[in-house]
S.K.: 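One structure, pasted below without further comment.
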2 protein chains.
Amino acid sequence: MTKKKLLLKANGRIWIDVQDGAFLGYGRIDLLEKIKELGSIRQAALEMKMSYQQAWQLIDEMNNKSKEPLVISSRGGKGGGKAIITDVGEKAILQFKEFNKAFQIFLTSYTKNLNS
Amino acid sequence: MTKKKLLLKANGRIWIDVQDGAFLGYGRIDLLEKIKELGSIRQAALEMKMSYQQAWQLIDEMNNKSKEPLVISSRGGKGGGKAIITDVGEKAILQFKEFNKAFQIFLTSYTKNLNS
DNA sequence: CTTCGTTATTCATAATTAAGAATAACGAAG
DNA sequence: CTTCGTTATTCTTAATTATGAATAACGAAG
């Protein structure tokens with residue numbers, strides 16, 4: 001039998017950097033997905049219980065750090081304005097999700113290691 | 001040739017949880033090592049440019065979440081007091097460092113993946 | 001029984017972050 | 001040319017964290 005001990009769990013979080021700092025993490029990915037779903041920064045922020053300013057700032061940073069923007073927004077017009085995810089943005093979402101999937105597998109595997 | 005694109009870097013941080021929350025991360029490991037080296041919570045905190053209260057609180061939480069303490073401290077006596085790392089603490093340091101080593105390898109490998 | 005430097009603890013204040021309020025700009029549609 | 005709901009932006013205020021000050025307790029050593 002395995003020795004009786006605390007149950008440990010390997011945990012962590014990941015993100016993707018570019019040269020000048022953090023680029024894509026869980027929060028930004030969630031935000032991108034919500035924007036894709038709702039077509040609006042404000043609505044996305046609302047649903048994430050995040051202030052509009054914070055959401056806007058996250059997107060702005062993201063766009064500035066990338067050569068091509070991940071989100072394109074416009075104001076005025078039908079509905080007052082809108083925001084859409086570019087192809088670059090869509091690819092970033094997929095890329096991050098795969099990265100995270102691999103990480104979760106790593107964590108699960110290491111958790112077994114910690115308790116053996 | 002590979003398509004010209006942003007240089008991406010997989011990054012992240014890890015820690016070890018117990019049932020009731022975070023247990024061991026980079027900060028606590030650094031602190032444990034400094035205490036081991038210096039035999040004093042205060043000196044360790046000083047060297048880490050961290051307030052004594054924060055250091056003490058980190059250790060206290062750590063000790064409370066573990067069945068057996070990782071640090072034993074005493075006050076009074078020669079030198080005013082002291083703090084030592086238990087065997088459990090030493091093992092925790094090693095365990096975390098191995099975990100981190102594996103994680104760094106994972107990140108390096110995934111960074112290549114991101115840029116290919 | 002005084003000195004010493006630390007552990008242990010509490011509380012007020014400083015510093016940092018996040019949120020909120022307020023407002024201009026916008027363009028399609030009626 | 002007015003209405004609409006959003007984007008974009010700034011500034012003030014709230015909330016959260018971290019730090020510093022202050023002090024009691026401690027026990028070995030002289």
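Here is how names work: the chains are called A, B, and so on, in the same order as the sequence lines, proteins then strands, and each is numbered from 1.
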S.K.: Between C1' on D:dT7 and CG on A:Leu46, what's the gap in Å once rounded to a whole number?
M.R.: 14 Å

S.K.: Within the structure, does a side-chain N or O atom of B:Trp56 lie under 4.0 Å from either OP1 or OP2 of C:dA8?
M.R.: yes

S.K.: Rounded to the nearest angstrom, tell me the gap between atom CG in B:Leu58 and atom P in D:dT19.
M.R.: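 For the pair B:Leu58 CG and D:dT19 P, the rounded distance is 10 Å.
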
S.K.: Rounded to the Å, how far apart are B:Ile84 CD1 and C:dT6 C1'?
M.R.: 15 Å

S.K.: For residues 68-80 of chain A, please give each side-chain donor-acceptor pair under 3.5 Å, one per line with the distance, not counting sequence neighbours.
M.R.:
none

S.K.: Are B:Ile35 and B:Val88 linked, directly or through intermediate hydrophobic residues, by side-chain heavy-atom contacts shorter than 4.5 Å (ILVMFWY only)?
M.R.: yes

S.K.: Look at the side chain of A:Ala83 and decide which nucleotide, out of C:dT9, D:dT6, D:dT7, has an atom nearest to it.
M.R.: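 Closest nucleotide among those given: D:dT7.
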
S.K.: Could you tell me how far apart B:Asp60 (CG) and C:dT7 (P) are, to the nearest whole angstrom?
M.R.: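 One finds 13 Å between P of C:dT7 and CG of B:Asp60, rounded.
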
S.K.: Taking only side-chain N and O atoms of A:Ser40, does any of them lie within less than 4.0 angstrom of OP1 or OP2 on D:dG5?
M.R.: no

S.K.: Please figure out whether A:Ile41 or B:Met50 has its closest DNA chain D nucleotide nearer the 5' end.
M.R.: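 The residue whose closest nucleotide sits nearer the 5' end is A:Ile41.
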
S.K.: Other residues, nucleotides and ligands only: do more than 12 of their heavy atoms fall within 6.0 Å of NZ on B:Lys36?
M.R.: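 No, not enclosed.
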
S.K.: May I have the distance from A:Tyr52 (atom OH) to D:dG5 (atom P), rounded to whole angstrom?
M.R.: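 Those two atoms, OH and P, are 16 Å apart.
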
S.K.: If you look only at pairs with a residue in residues 97-113 of chain B, which of them pass as a side-chain hydrogen bond (donor to acceptor under 3.5 Å, both in side chains), with sequence neighbours excluded?
M.R.: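 Non-adjacent pairs meeting side-chain hydrogen bond (donor to acceptor under 3.5 Å, both in side chains): B:Tyr26-B:Asn100, B:Glu33-B:Lys97, B:Asn100-B:Gln104.
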
S.K.: Check each residue of residues 28-38 of chain B for a non-hydrogen atom within less than 4.0 Å of any atom in DNA chain C, then write out the ones that pass by number, or none.
M.R.: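 By residue number: none to list.
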
S.K.: Using a 4.0 Å heavy-atom cut-off, write out nucleotides 20-30 of chain D from 5' to 3' as B (base contacted by protein), S (sugar-phosphate only) or - (no contact).
M.R.: BB---BBBS--

S.K.: Can you check whether A:Phe106 reaches B:Leu107 side chain to side chain, under 4.5 Å on heavy atoms?
M.R.: no

S.K.: Measuring only between side-chain heavy atoms, which start at C-beta, is A:Met62 closer than 4.5 Å to A:Leu31?
M.R.: no

S.K.: So A:Leu38 and A:Leu46, do their side chains get closer than 4.5 Å, heavy atoms only?
M.R.: no

S.K.: Could I get the full list of side-chain hydrogen bond (donor to acceptor under 3.5 Å, both in side chains) partners for B:Arg28, not counting sequence neighbours?
M.R.: B:Glu61

S.K.: For B:Trp15, does its backbone N or O pair with a side-chain atom of A:Asn11 as donor and acceptor, under 3.5 Å?
M.R.: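 A pair under 3.5 Å: no.
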
S.K.: What's the shortest heavy-atom distance between A:Phe96 and A:Leu24, and which atoms?
M.R.: CE1-O, 3.6 Å

S.K.: Which range-with-range stems can be found for DNA chain C when each stem has 3 or more Watson-Crick or G-U pairs in a row and both distances sit under 3.5 Å?
M.R.: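 So the stems come out as C:1-30 with D:1-30.
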
S.K.: Using a 3.5 Å distance criterion without hydrogens, assess whether the side chain of B:Asn64 forms a donor-acceptor pair with backbone atoms of B:Asp60.
M.R.: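 Here the side-chain-to-backbone pair exists.
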
S.K.: Using the closest heavy atom to pick a nucleotide of DNA chain C for each, name whichever of B:Ser73 or A:Gln54 lands nearer the 5' end.
M.R.: B:Ser73

S.K.: How close or far is atom P of C:dA18 from atom NZ of A:Lys49, stated in whole angstroms?
M.R.: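 Distance check: A:Lys49 NZ to C:dA18 P gives 18 Å.
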
